[in-house]
Amino acid sequence: MTSSHFSVIMFSMKKLKVSVVINIIIFVLMAVGTVFMFTGFKFTHGQGVPLEATKLEMLKFFTVDSNIFAGLVSLVMAVKEITVIKWRSPALSKAMYIWKYIATIAVSLTFLIVFGYFWLVLRIPILAMLQNSNLFFHLVIPVLCIFSFVFLERSGKIRFRHTWIGLVPTFIYAVFYAIVAFTHMEGGVTPARYDWYGFTKAGIGPAIAVIPGMLIITYIICVLLWAANRTWRSK
(Lines give C-alpha, C1' and ligand atoms only; values in the text may rest on other atoms or scores of the structure.)
Protein backbone atom coordinates (compact mmCIF):
# COMPACT_ATOMS: atom_id res chain seq x y z
CA MET A 1 0.00 0.00 0.00
CA THR A 2 1.46 3.37 -1.03
CA SER A 3 1.58 6.35 1.29
CA SER A 4 -1.01 8.16 -0.85
CA HIS A 5 -3.45 5.24 -0.59
CA PHE A 6 -2.89 5.10 3.16
CA SER A 7 -3.59 8.84 3.47
CA VAL A 8 -6.83 8.46 1.52
CA ILE A 9 -7.96 5.62 3.77
CA MET A 10 -7.12 7.56 6.94
CA PHE A 11 -8.96 10.63 5.63
CA SER A 12 -12.01 8.49 4.81
CA MET A 13 -11.98 6.96 8.29
CA LYS A 14 -11.74 10.41 9.83
CA LYS A 15 -14.79 11.56 7.86
CA LEU A 16 -16.62 8.41 8.91
CA LYS A 17 -15.93 9.12 12.58
CA VAL A 18 -17.15 12.71 12.26
CA SER A 19 -20.24 11.43 10.50
CA VAL A 20 -20.91 9.07 13.41
CA VAL A 21 -20.77 11.95 15.88
CA ILE A 22 -23.07 14.16 13.82
CA ASN A 23 -25.58 11.36 13.22
CA ILE A 24 -25.72 10.64 16.94
CA ILE A 25 -26.22 14.34 17.66
CA ILE A 26 -29.06 14.43 15.12
CA PHE A 27 -30.77 11.49 16.83
CA VAL A 28 -30.33 12.95 20.32
CA LEU A 29 -31.69 16.36 19.29
CA MET A 30 -34.62 14.66 17.57
CA ALA A 31 -35.38 12.60 20.69
CA VAL A 32 -35.09 15.61 23.00
CA GLY A 33 -37.16 17.83 20.71
CA THR A 34 -39.84 15.16 20.33
CA VAL A 35 -40.12 14.60 24.09
CA PHE A 36 -40.24 18.34 24.75
CA MET A 37 -42.98 18.92 22.17
CA PHE A 38 -44.94 15.85 23.25
CA THR A 39 -44.97 16.99 26.88
CA GLY A 40 -45.33 20.69 26.11
CA PHE A 41 -42.03 21.53 27.82
CA LYS A 42 -40.67 24.94 26.84
CA PHE A 43 -37.09 26.10 27.28
CA THR A 44 -37.53 29.46 25.54
CA HIS A 45 -40.08 32.10 26.41
CA GLY A 46 -40.42 34.14 23.24
CA GLN A 47 -43.62 34.50 21.25
CA GLY A 48 -43.72 31.56 18.83
CA VAL A 49 -45.98 30.79 15.89
CA PRO A 50 -48.62 28.02 16.07
CA LEU A 51 -46.39 25.39 14.45
CA GLU A 52 -46.28 22.99 17.33
CA ALA A 53 -48.69 20.84 19.31
CA THR A 54 -48.50 18.45 22.23
CA LYS A 55 -48.92 14.68 22.48
CA LEU A 56 -49.82 12.73 19.35
CA GLU A 57 -51.32 15.81 17.70
CA MET A 58 -47.77 16.99 17.00
CA LEU A 59 -47.50 14.28 14.33
CA LYS A 60 -49.80 16.28 12.06
CA PHE A 61 -46.85 18.53 11.19
CA PHE A 62 -44.52 17.53 8.37
CA THR A 63 -41.72 19.18 10.34
CA VAL A 64 -42.11 16.74 13.21
CA ASP A 65 -42.58 13.69 10.98
CA SER A 66 -39.55 14.49 8.82
CA ASN A 67 -37.32 15.15 11.82
CA ILE A 68 -38.33 11.93 13.57
CA PHE A 69 -37.64 10.07 10.33
CA ALA A 70 -34.25 11.78 9.94
CA GLY A 71 -33.34 11.06 13.54
CA LEU A 72 -34.11 7.35 13.28
CA VAL A 73 -32.26 7.02 9.96
CA SER A 74 -29.27 8.84 11.45
CA LEU A 75 -29.22 6.47 14.41
CA VAL A 76 -29.17 3.41 12.17
CA MET A 77 -26.49 4.98 10.00
CA ALA A 78 -24.34 5.78 13.05
CA VAL A 79 -24.57 2.15 14.19
CA LYS A 80 -23.61 0.93 10.71
CA GLU A 81 -20.70 3.37 10.56
CA ILE A 82 -19.42 2.27 13.96
CA THR A 83 -19.51 -1.32 12.71
CA VAL A 84 -17.40 -0.33 9.68
CA ILE A 85 -14.89 1.54 11.87
CA LYS A 86 -14.57 -1.00 14.67
CA TRP A 87 -14.66 -4.27 12.77
CA ARG A 88 -13.47 -3.03 9.36
CA SER A 89 -16.67 -4.50 7.92
CA PRO A 90 -17.76 -3.78 4.33
CA ALA A 91 -18.70 -0.23 3.43
CA LEU A 92 -22.23 1.04 3.97
CA SER A 93 -24.84 -0.36 1.61
CA LYS A 94 -26.50 1.60 -1.16
CA ALA A 95 -29.80 1.32 0.71
CA MET A 96 -28.32 3.05 3.78
CA TYR A 97 -27.11 5.99 1.71
CA ILE A 98 -30.47 6.26 -0.02
CA TRP A 99 -32.35 6.27 3.28
CA LYS A 100 -30.14 9.12 4.52
CA TYR A 101 -30.65 10.89 1.20
CA ILE A 102 -34.46 10.70 1.53
CA ALA A 103 -34.36 11.86 5.15
CA THR A 104 -32.12 14.79 4.29
CA ILE A 105 -34.48 15.83 1.49
CA ALA A 106 -37.43 15.79 3.89
CA VAL A 107 -35.82 18.02 6.53
CA SER A 108 -34.35 20.25 3.80
CA LEU A 109 -37.90 20.93 2.59
CA THR A 110 -38.85 21.95 6.12
CA PHE A 111 -35.82 24.26 6.29
CA LEU A 112 -36.61 25.82 2.90
CA ILE A 113 -40.28 26.43 3.69
CA VAL A 114 -39.45 28.07 7.03
CA PHE A 115 -36.65 30.31 5.79
CA GLY A 116 -37.73 30.78 2.19
CA TYR A 117 -41.51 31.10 2.52
CA PHE A 118 -42.57 31.82 6.09
CA TRP A 119 -39.71 34.27 6.71
CA LEU A 120 -38.93 35.89 3.35
CA VAL A 121 -42.42 35.80 1.79
CA LEU A 122 -44.87 35.92 4.72
CA ARG A 123 -42.45 38.02 6.79
CA ILE A 124 -42.95 35.95 9.92
CA PRO A 125 -40.14 36.85 12.37
CA ILE A 126 -37.54 34.10 12.16
CA LEU A 127 -37.07 33.95 15.94
CA ALA A 128 -40.77 33.17 16.29
CA MET A 129 -40.21 29.98 14.29
CA LEU A 130 -37.16 28.92 16.28
CA GLN A 131 -38.80 28.61 19.68
CA ASN A 132 -38.40 25.50 21.83
CA SER A 133 -38.37 22.21 19.88
CA ASN A 134 -38.65 24.07 16.59
CA LEU A 135 -35.13 25.37 17.13
CA PHE A 136 -33.98 21.78 16.55
CA PHE A 137 -36.60 20.83 13.97
CA HIS A 138 -36.50 23.96 11.80
CA LEU A 139 -32.81 24.75 11.93
CA VAL A 140 -30.25 22.59 13.72
CA ILE A 141 -31.24 19.11 12.52
CA PRO A 142 -31.79 20.13 8.87
CA VAL A 143 -28.40 21.89 8.76
CA LEU A 144 -26.62 18.92 10.34
CA CYS A 145 -28.30 16.49 7.94
CA ILE A 146 -27.36 18.55 4.91
CA PHE A 147 -23.77 18.99 6.10
CA SER A 148 -23.22 15.32 6.90
CA PHE A 149 -24.83 14.07 3.69
CA VAL A 150 -23.03 16.48 1.37
CA PHE A 151 -19.56 16.54 2.96
CA LEU A 152 -19.19 13.33 4.98
CA GLU A 153 -21.44 10.70 3.39
CA ARG A 154 -20.45 10.98 -0.24
CA SER A 155 -21.37 7.98 -2.30
CA GLY A 156 -21.35 7.09 -5.96
CA LYS A 157 -24.01 4.49 -5.16
CA ILE A 158 -26.78 7.08 -5.44
CA ARG A 159 -27.65 7.41 -9.13
CA PHE A 160 -29.72 10.12 -10.80
CA ARG A 161 -32.62 7.68 -11.16
CA HIS A 162 -32.79 7.55 -7.36
CA THR A 163 -33.67 11.27 -7.16
CA TRP A 164 -37.36 10.43 -7.68
CA ILE A 165 -37.39 8.40 -4.47
CA GLY A 166 -36.95 11.61 -2.51
CA LEU A 167 -40.50 12.66 -3.45
CA VAL A 168 -42.10 9.83 -1.46
CA PRO A 169 -42.34 11.50 2.00
CA THR A 170 -43.72 14.74 0.52
CA PHE A 171 -46.24 12.88 -1.63
CA ILE A 172 -47.49 10.74 1.27
CA TYR A 173 -47.86 13.79 3.51
CA ALA A 174 -49.59 15.78 0.74
CA VAL A 175 -52.17 13.02 0.33
CA PHE A 176 -52.73 12.88 4.10
CA TYR A 177 -53.07 16.66 4.38
CA ALA A 178 -55.43 16.91 1.40
CA ILE A 179 -57.71 14.20 2.77
CA VAL A 180 -57.92 15.87 6.18
CA ALA A 181 -58.40 19.40 4.80
CA PHE A 182 -60.88 18.67 2.02
CA THR A 183 -63.04 16.23 3.98
CA HIS A 184 -63.56 18.87 6.68
CA MET A 185 -64.29 21.74 4.30
CA GLU A 186 -67.56 23.58 4.89
CA GLY A 187 -68.78 26.22 2.48
CA GLY A 188 -65.41 26.28 0.74
CA VAL A 189 -63.57 26.90 4.01
CA THR A 190 -61.70 24.45 6.24
CA PRO A 191 -61.39 25.21 9.98
CA ALA A 192 -57.82 25.93 11.08
CA ARG A 193 -57.89 22.77 13.18
CA TYR A 194 -57.93 20.71 9.98
CA ASP A 195 -55.92 23.10 7.82
CA TRP A 196 -53.06 24.01 10.16
CA TYR A 197 -50.91 25.43 7.34
CA GLY A 198 -53.79 27.51 5.97
CA PHE A 199 -53.52 26.23 2.39
CA THR A 200 -57.30 26.41 1.76
CA LYS A 201 -57.74 30.02 2.86
CA ALA A 202 -57.41 31.25 -0.71
CA GLY A 203 -59.89 28.70 -2.04
CA ILE A 204 -59.98 25.17 -3.39
CA GLY A 205 -58.09 25.96 -6.62
CA PRO A 206 -54.98 27.43 -4.98
CA ALA A 207 -55.08 24.70 -2.33
CA ILE A 208 -55.02 21.97 -4.97
CA ALA A 209 -52.17 23.77 -6.77
CA VAL A 210 -50.08 23.56 -3.61
CA ILE A 211 -49.60 19.79 -4.04
CA PRO A 212 -47.80 19.82 -7.43
CA GLY A 213 -45.99 22.96 -6.33
CA MET A 214 -44.57 21.25 -3.25
CA LEU A 215 -43.61 18.20 -5.28
CA ILE A 216 -41.74 20.38 -7.77
CA ILE A 217 -39.88 22.16 -4.98
CA THR A 218 -39.07 18.84 -3.36
CA TYR A 219 -37.69 17.43 -6.59
CA ILE A 220 -35.46 20.47 -7.05
CA ILE A 221 -34.08 19.74 -3.59
CA CYS A 222 -33.61 16.09 -4.60
CA VAL A 223 -31.50 17.05 -7.60
CA LEU A 224 -29.49 19.71 -5.77
CA LEU A 225 -28.58 17.38 -2.90
CA TRP A 226 -27.71 14.57 -5.30
CA ALA A 227 -25.50 16.94 -7.32
CA ALA A 228 -23.84 18.37 -4.19
CA ASN A 229 -23.08 14.90 -2.83
CA ARG A 230 -21.69 13.83 -6.20
CA THR A 231 -19.64 17.03 -6.66
CA TRP A 232 -18.01 17.00 -3.25
CA ARG A 233 -17.36 13.28 -3.59
CA SER A 234 -14.96 14.04 -6.41
CA LYS A 235 -12.91 16.58 -4.45
Side-chain angles (χ1 to χ4, degrees), residues 18-54 57-78 99-153 166 169-170 173-174 177 196-199 213-214 217-229 232:
V18 176
S19 179
V20 169
V21 173
I22 292 180
N23 279 317
I24 291 176
I25 291 175
I26 290 172
F27 172 74
V28 171
L29 291 179
M30 178 279 292
V32 171
T34 299
V35 171
F36 283 176
M37 187 173 287
F38 184 87
T39 60
F41 178 80
K42 299 182 182 301
F43 57 89
T44 63
H45 302 287
Q47 183 62 41
V49 294
L51 293 175
E52 58 182 15
T54 59
E57 188 181 357
M58 69 183 189
L59 296 177
K60 70 182 183 181
F61 294 114
F62 182 79
T63 292
V64 177
D65 300 336
S66 61
N67 274 269
I68 291 176
F69 176 50
L72 294 177
V73 169
S74 295
L75 175 63
V76 175
M77 190 159 199
W99 278 112
K100 184 60 182 292
Y101 174 55
I102 296 172
T104 303
I105 291 167
V107 293
S108 295
L109 177 60
T110 288
F111 179 86
L112 182 63
I113 294 301
V114 168
F115 286 87
Y117 180 66
F118 289 158
W119 183 33
L120 296 180
V121 178
L122 298 184
R123 299 296 182 180
I124 298 176
I126 193 61
L127 291 180
M129 294 180 287
L130 299 178
Q131 298 293 322
N132 303 300
S133 296
N134 280 331
L135 173 62
F136 306 143
F137 294 160
H138 286 162
L139 177 62
V140 183
I141 291 177
V143 169
L144 289 177
C145 282
I146 294 170
F147 177 82
S148 63
F149 178 75
V150 171
F151 297 104
L152 304 174
E153 297 154 4
T170 303
Y173 185 81
Y177 193 94
W196 45 93
Y197 289 129
F199 290 146
M214 293 302 294
I217 292 173
T218 302
Y219 189 65
I220 291 174
I221 295 174
C222 293
V223 174
L224 290 177
L225 283 175
W226 172 81
N229 180 275
W232 283 100

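Because the structure is predicted, anything quoted here is derived from the model rather than measured. FYI, the numbering just counts along the sequence from 1.
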Cut-off 3.5 Å, no hydrogens considered: what does the side-chain donor-acceptor table look like for residues 221-228, sequence neighbours left out?
unit_1: Trp226; atom_1: NE1; unit_2: Ile158; atom_2: O; d: 3.0

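The distance from the SG atom of Cys145 to the CZ atom of Phe69 is 10.0 Å, given to the nearest 0.5 Å. Note that OG1 of Thr218 and OH of Tyr173 are 12.5 Å apart. Values are rounded to the nearest 0.5 Å. Atom CZ of Phe43 sits about 8.5 Å away from atom CD of Gln131, to the nearest 0.5 Å. Leu152 CG to Asn229 CG: the interatomic distance, rounded to the nearest 0.5 Å, is 10.5 Å. Interatomic distance, Ser19 OG to Phe147 CZ, rounded to the nearest 0.5 Å: 9.5 Å. Distance CE/Met77 to CD1/Ile22: 11.5 Å, rounded to 0.5 Å.
Residues satisfying the ring-ring contact (aromatic ring centres under 6.0 Å, His included) criterion with Tyr177, sequence neighbours excluded, are Trp196, Tyr197, Phe199.
Two residues are said to be in side-chain contact when any heavy atoms from C-beta on lie closer than 4.5 Å; Phe136 and Val32 meet this criterion. By the 4.5 Å heavy-atom criterion applied to side chains, Thr170 and Phe62 are counted as neighbours. Side chains of Phe111 and Ile141 form no contact here, defined as non-hydrogen atoms less than 4.5 Å apart. In this structure, the side chains of Asn67 and Pro142 come closer than 4.5 Å at one or more pairs of heavy atoms. Contact check for Thr44 versus Leu135: no side-chain heavy atoms found under the 4.5 Å cut-off. Side-chain contact check for Trp119 versus Val114: every heavy-atom pair is 4.5 Å or farther apart. Side-chain contact between Glu52 and Phe137 is absent, with no heavy-atom pair separated by less than 4.5 Å. By the 4.5 Å heavy-atom criterion applied to side chains, Lys100 and Val76 are not counted as neighbours.
No donor-acceptor distance shorter than 3.5 angstrom exists from the side chain of Asn132 to the backbone of Met37, with no hydrogens or angles considered. Between the side chain of His138 and the backbone N or O of Met129 there is at least one donor-acceptor pair closer than 3.5 Å. Panel note: side chain Asn23, backbone Leu75; no donor-acceptor pair is recorded below 3.5 Å. With hydrogens and angles ignored, the 3.5 Å screen pairs no side-chain donor or acceptor of Tyr219 with any backbone N or O of Met214.
Under the 30°/60° scheme for interplanar angles, the aromatic rings of Phe41 and Phe36 are found to be tilted.
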**Request:** Would you check, one step at a time, whether the test side-chain contact (heavy atoms from CB on, under 4.5 Å) holds for Leu29 with Leu144?
**Result:** CA-CA 11 Å; Leu29 291 179; Leu144 289 177; 4.1 Å; yes

**Val150/Thr104 under side-chain contact (heavy atoms from CB on, under 4.5 Å): CA gap, chis, key distance, verdict** = CA-CA 10 Å; Val150 171; Thr104 303; over 6 Å; no

**Request:** Check the pair Ile113, Phe118 against side-chain contact (heavy atoms from CB on, under 4.5 Å), reporting the backbone distance first and the verdict last.
**Result:** CA-CA 6 Å; Ile113 294 301; Phe118 289 158; 4.0 Å; yes

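Looking at every heavy atom in both residues, Ser74 comes nearest to Ile26 through OG-CG2, 3.5 Å. In terms of heavy atoms, Ser133 sits closest to Gly33 at OG-O, 2.8 Å.
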